[in-house]
Amino acid sequence: MISPQYGKALVLGAGGLVGTAWLTGLATGLRREGIDLADADLIVGTSAGAIVAAMLTTGRTLAEVETLPSTRAGRSGPPDLAAMGQAFATLSDPTLEPDDKRRRAGRIALTAEAPPEDGHLTGISSLVETEKWPDRPLLITAVDAETGEPKVWDRDGEATLVEAVASSSAFPGATAPITVDGRRYMDGALRNGVNADLAATAVTRVFIEPMAGRFPASGPGGVRIGPDAEALTAFGPDLGNREAWTPAYHAGVRQAPQVAVVLRPVWDAASRHSEQAQ
């Protein structure tokens, strides 16, 4: 799926629990600097980015999640660490084609002894707070666990907003794939950690990527923003560490003023372009 042309597109990448917190803190801090990421004409979200994209587009008060909601913090069971390791090894195997990687990861996801999907859906609900899609362009990525085929959810699809976001952030072994209309879906990062191509036709593209150092550059014509050294320290080695949520959130807030210096001229120019096009 390629989007129709938009003035400015915001693409939010994968990054686990700590990446979600950092993205949320950064968006909070940027609002204090006069830049509202929710003003993008198109928002694309993958995994952690899907959670924050949903919060931005539905008007969630981001300051309320400075602390991880208790229903999100509670575990419904331990992750299958062996399955997670197998999935990461599969994704990093240079001898496999992308389609084969996704199919193998899907088999791992479907057979893993991971926490059930209901717990993940409840956790996502505590952050997103609504099952209703916003009446604006929002794309959420996922992958069919049975076929390995990429899936892009939007408001015209079969998934509720919570189901779409939960599927986009259901990494093999961390949680069971999410069932939508009889099919099982897993993390959108298994297609790509950024999925920049979904915003390819936008005039201005801004990529905010918690795992920027782990993926190749998003391509020409875009502004790429990632966590600074202090933020990475706040993340720690475990992207799923619940104890690191608030430090990672604060790291995003702290980093916002320096990001605003880079982002403001691009964001303002794109806003003027959008106004002229209307």
Side-chain angles (χ1 to χ4, degrees), residues 1-3 10-17 19-20 23 42-58 83-84 87-88 90-91 98-112 114-125 127-128 130-134 137-199 209-211 215 239-240:
M1 176 186 295
I2 298 295
S3 65
L10 174 68
V11 181
L12 303 177
L17 199 67
T20 307
L23 283 169
L42 166 70
I43 299 183
V44 179
T46 295
S47 200
I51 299 170
V52 179
M55 291 195 290
L56 284 171
T57 54
T58 57
M84 292 179 69
F88 278 118
T90 297
L91 295 175
D99 289 347
D100 196 16
K101 288 182 180 182
R102 291 193 300 271
R103 285 191 292 267
R104 293 189 183 204
R107 289 195 290 270
I108 293 169
L110 292 168
T111 57
E117 58 186 295
D118 287 351
H120 188 48
L121 287 163
T122 298
I124 294 299
S125 294
L127 291 170
V128 176
T130 178
E131 295 190 347
K132 185 178 180 181
W133 284 81
L138 170 64
L139 303 179
I140 301 295
T141 66
V143 171
D144 188 309
E146 296 172 358
T147 66
E149 289 295 316
K151 178 73 175 181
V152 180
W153 300 112
D154 60 20
R155 62 178 179 265
D156 296 322
E158 305 91 343
T160 67
L161 182 59
V162 167
E163 288 172 339
V165 172
S167 69
S168 186
S169 54
F171 193 82
T175 187
I178 303 301
T179 304
V180 179
D181 199 26
R183 300 204 64 81
R184 310 288 300 283
Y185 295 93
M186 59 183 181
D187 204 305
L190 295 167
R191 176 185 188 265
N192 184 273
V194 186
N195 292 298
D197 61 300
L198 298 178
E209 308 166 40
M211 300 179 70
F215 295 106
L239 296 179

Side-chain heavy-atom pair Glu146, Pro177 within 4.5 angstrom cut-off:
no
Taking all heavy atoms of Pro172 and all of Met84, pick out the closest pair and write down the distance.
O-CG, 3.2 Å
For residues Ile178 and Ala170, report the shortest heavy-atom separation together with the two atoms involved.
CG1-CB, 4.2 Å
Quick one: pull up CD in Glu117 and OG1 in Thr179 and give me the separation to the nearest 0.5 Å.
3.5 Å
Minimum heavy-atom separation for Ala159 to Ala164, with atom names?
CB-N, 3.9 Å
Of all residues at least two apart in sequence or in a different chain, which pass the side-chain contact (heavy atoms from CB on, under 4.5 Å) check with Pro150?
Arg102, Arg191
Which residue, Asp187, Thr141, Asn192, forms the side chain to side chain donor-acceptor pair (under 3.5 Å) with Thr46?
Thr141
Tell me, please, which residues at least two apart from Glu158 pass salt bridge (charged side-chain N to carboxylate O under 4.0 Å, His left out).
Lys151
What distance separates Ser125 OG from Glu163 CD, expressed to the nearest 0.5 Å?
9.5 Å
Tell me the closest heavy-atom pair linking Arg184 and Ala176, and the distance in Å.
NH2-CB, 4.0 Å
Between the CG atom in Leu56 and the CD1 atom in Ile43, the distance rounded to the nearest 0.5 Å is 5.0 Å
Between Leu127 and Val165, is a side-chain contact (heavy atoms from CB on, under 4.5 Å) present by the stated rule, with each step listed?
CA-CA 10 Å; Leu127 291 170; Val165 172; over 6 Å; no
Closest heavy-atom pair and its distance - Leu161, Trp133
N-NE1, 3.3 Å
The reported gap from CG in Leu12 to CG in Asn195 (rounded to nearest 0.5 angstrom) is 11.5 Å
Restricting to side chain to side chain donor-acceptor pair (under 3.5 Å), what partner residues turn up for Thr111, sequence neighbours left out?
none
To the nearest 0.5 Å, what is the distance between OG1 (Thr160) and CD1 (Ile124)?
11.0 Å
Would you find a donor on one side and an acceptor on the other, under 3.5 Å apart, between the side chain of Thr175 and the backbone of Phe171?
no
Leu23 side, atom CG; Glu209 side, atom CD - distance, nearest 0.5 Å:
10.0 Å
State whether the side chain of Ser168 and the backbone N or O of Ser47 hold a donor-acceptor pair below 3.5 Å, judged by distance alone.
yes
Under a 4.5 Å cut-off applied to non-hydrogen side-chain atoms, are Asp144 and Tyr185 in contact?
yes
Applying the side-chain contact (heavy atoms from CB on, under 4.5 Å) criterion to Leu198, which one of Leu42, Ile140, Val44 satisfies it?
Val44
Shortest non-hydrogen contact between Pro134 and Thr58, atoms and distance
CD-CG2, 4.1 Å
